[in-house]
Structure formats: C-alpha cells, structure tokens
Amino acid sequence: MIPGKYRSVSGRAASNVEFKLNKETPSFPGRLLQHDLERNYSSRQGDHINLVSSSMPSFPILQRSSEEKILYSDRLTLERQKLTVCPIIDGEEHLRLLNFQHNFITRIQNISNLQRLIFLDLYDNQIEEISGLSTLRSLRVLLLGKNRIKKISNLENLKSLDVLDLHGNQITKIENVNHLCDLRVLNLARNLLSHVDNLNGLDSLTELNLRHNQITFVRDVDNLPCLQRLFLSFNNISTFESVCCLADSTSLSDITFDGNPIAQESWYKHTILQNMMQLRQLDMKRITEEERRMASVVAKKEEEKKRESHKQSLLKEKKRLIINNVARKWDLQQHRITNIATNQDGKDSDSQDHCQNDGSTISAFPEETGSLDSGLTSALQGLSVTDTHLVEVDGDTLSLYGSGALECLDRNWSVQTAGMVTTVSFTFIEFDEIVQVLPKLKIKFPNSLHLKFKETNLVMLQQFNALAELRRVDQLTVDPQGNPVVNFTLWKYYVLFRLSHFNMQKINGTEVTQNDMIMAERLFGILAHVASSELPQYHLISILGDARKKQFRYLLETKGKKPGIVNEENNDSKRLVGESTNRATLNYTTRDFYNEKLEEIKEKKKFCKMYIEDLVKEATEINMKNEALQKLWPQMFIELVRDAVMEIRNKNSYMKLCLQQITDQK
Amino acid sequence: MLSPERLALPDYEYLAQRHVLTYMEDAVCQLLENKEDISQYGIARFFTEYFNSVCQGTHILFREFSFIQATPHNRASFLRAFWRCFRTVGKNGDLLTMREYHCLLQLLCPDFPLELTQKAARIVLMDDAMDCLMSFSDFLFAFQIQFYYSEFLESVAAIYQDLLSGKNPNTVIVPTSSSGQHRQRPTLGEASMLEGVEASLFYQCLENLCDRHKYSCPPPALVKEVLSNVQRLTFYGFLVALSKHHGINQALGALPDKGDLMHDPALDEELERLLAQIPGLVNSVTAGPEASCLPARTPPRVGSPWRPLHHARKVDAESDGSTEETDESET
C-alpha cells in the first residue's frame with residue numbers, strides 16, 4: 001500500500017506508481033528515464049510487460065500488475081512521473097480516473113481507448129493544444145490547468161463535461177464551449193482573455209472563474225441561466241457599462257471585482273449594488289441591508305446629478321447657438337456681412353435699411369421660459385431663451401445678448417436674485433437702446449456695480465454721459481470689439497471726468513489711480529466749468545430737467561447759508577447733486593430722441609418766425625409812419641400855427657366863434 | 001452810430017444783415033419751449049439773459065447745429081467756446097484723430113455733422129491719410145476757416161476746379177498748351193512743379209467772389225496778401241495758408257493768436273481750483289464738503305438774483321452800440 005504521504009492532497013485516488021512491478025521498492029523513484037522505464041517494465045513485472053515495438057516507437061507502454069488492476073480498477077495515477085508523452089495504456093478499458101498531474105506531457109495522446117474515462121487530470125503539464133479527447137464521451141471532469149493551451153477546441157464530443165478547468169493557460173478567446181450544456185464549473189483564470197462573450201449554451205454553468213485575465217468587458221452572462229458565482233478579480237474592468245449584462249442576470253449571487261480599476265472608483269460599490277439587486281456577496285463579503293440602502297440613496301443622487309449636468313450641457317449648447325445667432329443678426333444689422341438669400345435673411349434685409357431692429361421680426365415671448373425656470377435647480381442659473389436674444393443670470397452676473405433681451409428688465413425678478421447681481425453685461429445691443437432702459441436697471445438691480453459693454457456701438461464720448469444717471473458704477477469694461485470709442489486716446493479720462501462722482505475703481509480691468517483722476521479733471525474740468533457757469537440759467541435749468549431742477553434750485557438758495565448748517569433730509573440729494581452739478585448739463589440724448597425733439601421744435605420755430613415777422617411788420621409800419629411823420633411834421637406844424645394865428649387875428653370874431661362852439665356843444 | 005449806410009437800407013434788410021431777427025426768433029422759440037420754467041422768474045429777465053449770453057458767446061452751448069451755423073457771430077462764438085473748453089486737451093499735447101476731434105465737437109453740439117470735421121481735417125492733412133493724428137492748434141485753425149467761411153470755401157472750390165480744368169470765368173481762355181499741361185497732371189495734392197493754379201488769376205476770381213458773395217468772406221486785402229507770396233498754389237495749399245494767417249485770425253476775432261493759444265489765465269485759475277477739490281487730495285476733505293464746494297463750483301453769476309446788466313465782452317469785431325431800449329446801465 002502506498003504510504004499516506006504520497007497520496008495526493010486533492011483527494012483524488014492516488015495509486016501506486018506502477019512503473020515498477022516490485023511492490024517493495026519505494027513507489028516514487030528518483031529519476032526515471034524512458035529507457036529505465038522500459039527496463040523496469042521488462043524486468044520486474046510479474047506479468048512481464050514487454051517493450052512492445054509498436055508502430056509508435058517512442059511511446060512507452062504501461063501495464064499494471066493484475067492485483068493493482070483489481071484494487072484500483074478505475075483509477076490510475078501517474079503524477080510526477082516526468083512523463084513527456086502519454087504512455088499507451090493497455091488493458092485498462094474500465095478506467096474512470098486518470099491522473100497525469102505534474103508531468104511534462106506536450107500532447108494528449110493514447111487515451112482514446114479509455115472510453116469510460118470520467119476524470120482526466122492533466123494539471124501542470126506542457127500541453128499546447130487540446131486534442132485526443134474525441135472518444136471520451138463520458139468525460140465529466142477535465143483538468144487542464146497550468147499548461148500552454150492557446151485555444152479552446154476539440155471538445156465537441158465531451159457533452160457530459162461537468163467541470164472544465166483551463167486555468168493558467170494562454171487562452172485568448174472563449175469559443176467552442178457552447179455545446180457543453182452540462183458544464184457547471186468553468187475555470188479560465190490566469191489566461192489571456194480580453195473580453196468575455198460567446199457563453200450561450202452553457203445552460204448549467206453555476207461558477208465561472210475569470211480571475212487574473214485582461215478582461216475589459218463582459219457580455220452574454222445574462223444568457224447563463226444558472227450562473228451563481230462569477231469571479232472577475234484582477235482584470236481590467238473600469239466601467240459598469242462594460243459589465244452591464246450582469247444586471248440582467250437573475251441568478252447571480254456572488255461576484256468579485258477586486259483588483260479591477262472599477263473597484264477603485266468612488267461610485268463602485270453602490271453602482272454595483274444598485275444595479276445588481278440580486279447579489280448576496282460582493283468581493284467575498286456579504287452585502288448588508290444597510291449597504292443596500294446606502295447604495296440606492298447614492299445611486300439616486302448620482303442619477304439626479306447626471307440628469308442635471310446633461311441638462312446643463314444641453315442648455316449650454318443652446319446658449320451657444322443663440323449667441324451665435326444673435327451675433328450674426330448683429331453683424332447683419334451693422335452691415336458688416338452681406339445678405340445671403342435665405343428665408344430668415346429675407347426678413348433681415350428689410351431691417352437692414354434702418355439701423356434700429358426692434359426684433360419686430362421675432363415671434364412671441366419665450367414660452368419655454370416658464371418650464372425651464374421651474375425645471376432648473378436652485379443653483380441660481382436662470383436662463384431665458386428665444387432664437388434672437390438671451391438673458392442669463394449666473395450668480396452675480398446678468399448677461400444680456402441681443403436687443404430683445406432688454407425686455408427682461410420688465411420681468412419680476414426675485415429680490416434675492418436681483419440683489420445678488422453685481423455685474424451686468426451687454427453684448428450685441430445698441431448702446432442707444434441700453435440708455436433707454438438704464439432707469440429700469442437702476443431700480444431692478446440696485447446692486448449692479450460693474451457694467452460691461454461689448455459690440456454695443458459706442459462711438460461717441462458723449463454717450464458716456466448717459467451712465468451718469470445710474471446710482472453708482474464701480475467698474476466699467478468696454479470691450480474694443482464693436483466699440484469704436486475705445487480707439488480714442490481720451491476716452492478713459494472722459495469717463496473718469498464725467499462719472500467722477502462714482503469714484504470708479506477700475507476701467508477695463510486697470511485700476512484707476514489718483515493721477516488718472518487728476519488728468520481727467522485737468523483735461524475736461526474747464527468744460528464742466530463752462531457748461532455749468534456760463535450757460536444762461538434758463539438753458540441750464542431746461543437741460544437739467546425736472547427732478548434736478550428742484551435740487552439745483554434748492555442748492556442755489558442754500559448757497560448763501562453758512563457752510564456748517566446742513567439740512568439732514570436733503571443731505572443725500574445734495575451730496576449727489578453737489579458732486580455732479582457742474583457736469584450735470586453734459587447729457588446724452590440718443591440720436592432718435594434728438595431728432596424727434598428737433599422735429600417737434602420745427603412747428604414752434606415756424607410759429608416764432610411768423611410771429612416775429614408780424615412784429616417786424618408792425619414795427620416797420622410804425623417806423624415808416626414815424627419817419628413819415630418826421631418828414632411831414634414841420635409842414636404840419638407850420639400849418640397848425642398858421643391856422644391858429646389866422647383864427648386869432650380878429651379877436652372879436654374869435655370870441656364869437658368860441659362862444660358859439662360852447663353853446664353848440666350843449 | 002447814426003451812420004448813413006444804416007439809414008439807407010430798408011428796414012427788413014437792415015435787420016436781416018444784422019441777424020437781429022434770427023436772435024429774436026430764437027429767443028421767442030426758447031421762451032415757448034421752456035415757458036413753465038421761465039414764467040417763474042420773469043420774461044424780461046429771460047430776454048435779458050438771452051441777449052446777454054448772445055453777447056458773451058455762450059448762447060451756442062449745447063444747441064443744435066442749425067442754430068450754431070445760422071449767423072457768423074454764432075459761428076465765432078462756437079469756435080471760441082470750443083477753444084476755451086478744450087484748450088486743456090491741446091495743452092496736454094495729445095495728438096488726436098479726426099474722429100476724436102469730432103467727438104469733442106459733439107460734446108458741445110450733439111448733431112454736429114461729420115463732413116465739416118472731415119473737411120477741416122483735410123485741410124490740415126492736405127487731403128492725405130485721413131486717419132493721421134493732428135495737433136490741437138493745427139486742427140483748430142483749420143476748423144475755424146472751414147466752419148466760419150464754409151460757404152465761401154465751397155465757392156472757392158468750385159472756382160478752383162474751373163480754373164484747373166481751364167475754364168476761366170474772368171479772362172480769355174488759356175492757350176491749349178498750358179491747359180493741356182493742367183489736364184495731364186493728376187488732381188489736387190500731388191507734389192509737382194506746375195500744380196494748382198496761378199495765384200494772381202486765382203485772386204482775381206476770388207475778388208469777384210467776395211464782392212458779390214452774401215456770406216461772410218475773409219477781408220480781400222488779406223486774401224491778396226496770402227496769394228501774393230506764391231506763384232502757384234493748390235486748393236488745400238491755399239486753405240492751409242488761410243488757416244495759418246494771423247491777420248485773418250484776428251479779423252475773425254474768435255481765437256487768440258497761435259502763440260497765445262494755450263494761455264487763458266482766468267480759466268487756468270479756475271482749473272486749479274477745481275483740481276484742488278478732487279477728493280483724496282489734502283485740501284478738500286472737510287465736515288461739510290458739499291456746501292463748501294458749492295461756491296467755488298458755481299460762481300456767483302449763475303445763482304445770484306436779478307442784477308443789473310453789465311457791459312458785454314466784445315466778441316465780435318463788429319461793434320454796435322446799444323440802442324435806447326436795451327441799455328440800462330453802463331458800468
């Protein structure tokens with residue numbers, strides 16, 4: 001009998017190595033070369049196995065003693081026999097278990113006669129190709145681990161296969177196993193698999209070991225109705241999408257992913273748990289209820305986030321398109337690009353004739369606004385969108401693109417949103433149009449301190465006068481693009497001068513220094529002085545307009561008071577007006593308004609002209625009469641005197657005449 | 001005062017020549033426009049102020065272009081105002097483009113036409129490279145000529161073209177050889193020997209023009225002076241000469257001599273005072289900044305109640321005495 005230590009650990013029946021027929025000799029020899037084998041055969045066996053010179057001269061022939069045969073009739077162990085080829089096994093047709101572990105066999109041969117074989121173990125050999133198994137129709141366990149097999153093939157007839165172990169080989173592809181409908185365990189660990197598919201047909205498979213491969217994606221697992229355990233440790237799986245078929249497998253209860261890149265991800269655990277509710281163990285650890293709950297919570301959050309960001313990117317894209325659209329319309333308006341004959345441009349060509357495009361070609365208000373606003377989270381991203389203009393609130397910046405966007409100032413803004421806005425950016429809008437909504441801006445967005453203008457057609461220094469009516473501006477950015485005024489040497493100084501009461505901090509990103517202020521005053525101070533002090537008062541007042549009028553008059557009246565006495569109520573208004581009085585006359589009226597005004601005045605002018613003409617006519621008539629009188633007067637005077645003298649010549653008759661006149665009167 | 005010419009003209013023409021009616025009409029128009037405001041402090045006062053400002057030359061500030069252009073006095077006042085307001089820009093030494101000068105003009109007159117500024121720039125730049133930078137004094141004097149004598153200059157341009165093309169309203173047709181030479185040459189602005197027109201010929205045409213022109217012209221004597229220095233000259237050469245001529249400048253009376261262009265002691269003083277009030281500088285911060293600033297910023301003239309008229313500063317070279325009706329006191 002074989003001493004215990006020589007029994008193989010896995011429990012497979014270890015039988016005596018039967019090369020030597022002498023039972024006393026130790027069963028596991030040292031080095032036994034092939035020719036030794038032959039010698040042994042020939043020398044010791046009771047039955048005298050001769051070295052048969054068979055048709056294949058290199059194959060040894062194996063024979064066992066009849067006692068061995070009877071004792072272990074169904075099993076034969078040839079472990080660690082330094083075999084390089086499979087020996088011919090004669091007379092063992094009932095063999096059911098054959099163990100060739102730990103040899104150097106390169107080809108599976110000479111076992112086709114063992115047609116009752118159920119268990120074949122060729123672990124740790126040098127087999128390069130699966131072959132020679134086509135007659136073993138009863139084979140149930142085939143162990144080919146740790147060989148050099150490159151391809152799964154030639155298993156067609158092994159329909160009863162229950163366990164197929166191909167670990168530790170060089171297999172790159174799962175194939176030719178689809179007929180193994182009884183296979184329960186498939187071990188393909190430590191191979192060169194890069195992906196898993198082609199698993200259909202393995203209807204009994206319960207365990208699939210794919211550890212230590214290079215797998216990047218897994219497919220077809222949902223076609224395995226019995227699969228319970230799937231080991232994917234130490235592969236190259238990095239996303240859940242690459243193993244998403246696992247979610248569809250209802251039978252899976254045990255899965256491992258450790259050693260994959262996916263296991264390092266923050267979302268790993270809950271994604272797996274969330275998508276594979278049927279799991280009981282993950283990475284060899286039981287999944288608790290708590291974990292599941294956490295997973296679903298986190299998964300929900302992730303889902304939301306994803307939806308959110310998707311929405312955001314959609315919005316961004318839309319925004320980009322609209323801005324492009326607005327830019328194009330703007331360019332058309334500015335006659336910068338020629339008109340291409342399309343439907344839309346047909347409308348634009350009309351508006352090209354007059355520079356002011358009020359967006360009259362555009363359809364109704366944005367209906368989408370409502371749904372968008374409600375759908376978005378409280379991340380303070382407000383977006384109002386149509387084809388032709390864009391309004392965007394992003395934290396502290398309100399961005400307006402296109403002249404239609406100015407209408408947004410009429411909307412009801414929540415106090416919180418409006419209060420947070422400190423920067424207002426105008427793009428693709430005519431400055432003259434912006435001027436008209438500045439009062440609204442002042443009211444609706446009281447904290448706006450930084451104004452940005454790009455492509456707004458700022459061409460004259462005078463236009464900056466319009467900004468004076470705002471409450472306060474800390475920063476001004478005028479982008480050279482579309483604003484010719486920036487090309488002027490003096491524009492910054494003019495801005496500083498006209499808006500000196502704002503104490504601006506920055507213009508176009510550069511800090512305003514004391515020297516800048518001094519220079520501004522130096523350049524334009526006299527203009528202010530002339531504009532305020534040398535204007536006739538009626539003109540001054542009519543320019544300043546109603547509100548200021550009162551303040552100004554108040555100031556003039558209080559000018560005489562002692563400097564120390566300041567009326568508390570009017571402190572603010574005084575301060576405001578006082579600082580800007582001498583510049584207050586520098587206003588800006590948009591060209592249209594100006595022309596309108598001039599038109600209105602025409603009527604008056606005509607009237608005045610006529611009136612003056614009448615006056616002149618009167619005056620000239622009077623003058624003529626005067627001159628005529630001057631000419632005629634000497635003559636008239638002489639006549640008067642002559643008449644009087646002649647009357648009085650005869651005193652008596654004169655007296656009579658006078659009395660008569662008196663009585664006649666009565 | 002009671003000169004024979006004055007009495008010789010029929011009334012209406014006399015008034016028209018002195019542009020009295022323009023001012024009357026404008027005054028009444030202004031009155032109508034602002035009747036609510038003006039009625040509060042009296043119509044008589046309004047008229048006083050109005051004509052005062054006309055005399056002082058401040059009536060054209062922020063008025064529409066049609067008014068500014070209406071009379072020679074208005075034009076001169078405008079030039080003077082422009083000089084006074086933006087002298088500091090010139091003093092600073094900045095060279096500006098034509099567009100920027102136009103901007104400055106627009107600060108005083110919102111609808112000032114660009115063509116005038118362009119024409120003025122052409123004089124300075126000799127019709128070359130219109131985007132060039134110009135100095136304040138160059139621009140100002142050229143602008144003066146262009147603006148004050150704009151109608152005259154148009155006629156001169158026409159005459160010049162006629163002369164260039166050989167047609168001469170006054171004298172016999174020039175022999176074909178020289179007219180052929182003229183035609184060969186490209187038009188204005190090239191530097192060559194026989195460009196432009198002959199000065200004396202030119203002067204004769206201009207003299208005729210001045211006689212029959214109803215718009216203002218430079219004094220013929222001075223024009224003769226300009227033309228006598230050269231043999232031939234181009235149109236823009238002529239204009240440049242006009243703009244640089246001291247005599248013409250003085251005859252106009254709006255601007256000081258070129259040498260004195262940057263000097264204006266009164267306003268300089270004012271400027272210093274304003275500069276001292278810039279917040280952040282040492283002097284200005286006091287307890288009641290507004291009240292103490294006010295008197296300096298708004299000099300007495302504006303805020304004070306009714307004052308007797310004072311004698312106007314003579315801006316226009318034509319001096320007219322005041323008639324009985326308007327003269328109340330002479331200080």
Side-chain angles (χ1 to χ4, degrees), chain A residues 460-462 484-485 487-490 503 514 517-519 521-543 549 555-556 558-559 561 563-564 566 574-575 578-579 581-582 585-586 589 594 598 601 604-605 607-609 611-612 615-616 619-620 623, chain B residues 11-12 15 21 24-26 28-30 32-34 37-38 46 49-50 52-53 56 58-59 61-62 64 81 84-89 92 94-97 99-100 103-104 106-107 110-111 267 270-271 274-275 278-281 287-295 297-299 301-303:
Chain A
M460 314 195 267
L461 294 175
Q462 214 190 352
V485 84
N487 296 329
F488 292 155
T489 329
L490 302 175
N503 277 325
Q514 181 77 292
M517 295 297 292
I518 293 179
M519 179 56 91
E521 189 70 26
R522 193 181 285 283
L523 284 174
F524 295 107
I526 300 218
L527 173 65
H529 170 81
V530 166
S532 61
S533 63
E534 297 192 0
L535 272 184
Q537 189 170 355
Y538 71 89
H539 199 190
L540 195 64
I541 287 176
S542 73
I543 288 180
K549 216 177 3 180
L555 278 169
L556 296 177
T558 58
K559 194 184 70 65
K561 286 192 192 155
V566 169
K574 263 180 78 177
R575 191 176 304 128
E579 287 181 274
T581 299
N582 70 348
T585 50
L586 299 171
T589 38
Y594 196 76
L598 290 183
I601 297 179
K604 294 198 178 119
K605 280 202 177 152
F607 166 75
C608 293
K609 200 172 169 79
Y611 179 69
I612 299 286
L615 283 180
V616 169
T620 39
N623 192 32
Chain B
D11 311 318
Y12 199 80
L15 289 175
L21 292 182
M24 284 299 303
E25 280 167 20
D26 187 62
V28 175
C29 202
Q30 294 284 306
L32 273 182
E33 292 237 354
N34 306 302
D37 310 320
I38 294 175
F46 161 74
E49 279 188 7
Y50 180 85
N52 248 353
S53 80
Q56 284 165 16
T58 57
H59 58 301
L61 288 172
F62 311 123
E64 62 276 11
R84 290 178 79 227
C85 286
F86 296 112
R87 175 184 56 92
T88 40
V89 173
N92 201 36
D94 288 308
L95 296 178
L96 308 177
T97 60
R99 283 202 176 270
E100 198 155 4
C103 238
L104 294 180
Q106 280 183 313
L107 283 175
D111 58 347
L267 282 182
E270 191 59 45
L271 183 61
L274 287 172
L275 282 174
I278 294 179
L281 290 186
E290 301 85 31
S292 58
C293 277
L294 268 177
R297 286 192 188 214
T298 58
R301 240 180 307 170
V302 184

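The sequence lines fix the lettering, A, B, ..., with proteins before strands; numbering per chain opens at 1.
Between Thr88(B) and Phe524(A), the shortest heavy-atom distance links the atoms OG1-N, 4.5 Å. Considering all non-hydrogen atoms of both residues, Glu100(B) and Leu490(A) come closest at OE2-N, 2.7 Å. Between Cys608(A) and Glu25(B), the shortest heavy-atom distance links the atoms CB-O, 3.8 Å.
Interface remark: Tyr50(B) contributes backbone and side-chain atoms alike to the contact with chain A (heavy atom separation under 4.5 Å). Interface residue Cys103(B): only side-chain heavy atoms are found under 4.5 Å from chain A. Both the backbone and the side chain of Ile526(A) come within contact range of chain B, each with at least one heavy atom under 4.5 Å from a heavy atom of that chain. Proximity to chain B (any heavy atom under 4.5 Å) is shown, for Phe488(A), by both the backbone and the side chain. At a 4.5 Å heavy-atom cutoff, the contact between Leu523(A) and chain B is made by backbone and side-chain atoms alike. With a threshold of 4.5 angstrom between heavy atoms, Leu95(B) approaches chain A through N, CA, C or O but not through any side-chain atom.
Taking CG of Leu104(B) as the reference point, atom CE of Met460(A) lies at 12.5 Å (rounded to 0.5 Å). Atom-to-atom distance recorded for Leu21(B):CG and Lys609(A):NZ is 8.0 Å, nearest 0.5 angstrom. The structure places CG of Leu461(A) at 13.0 Å from CZ of Arg99(B), a figure rounded to the nearest 0.5 Å. Distance check, rounded to the nearest 0.5 Å: CE of Met24(B) to CD1 of Ile612(A) gives 4.0 Å.
When each of Val28(B), Asn34(B), Leu271(B) is checked for heavy-atom pairs under 4.5 Å with chain A, Leu271(B) comes out on top.
Here the side chains of Asn487(A) and Thr97(B) are not in contact, with every heavy-atom distance at 4.5 Å or above.
Other residues, nucleotides and ligands contribute more than 12 heavy atoms inside 6.0 Å of the CZ atom of Phe62(B).
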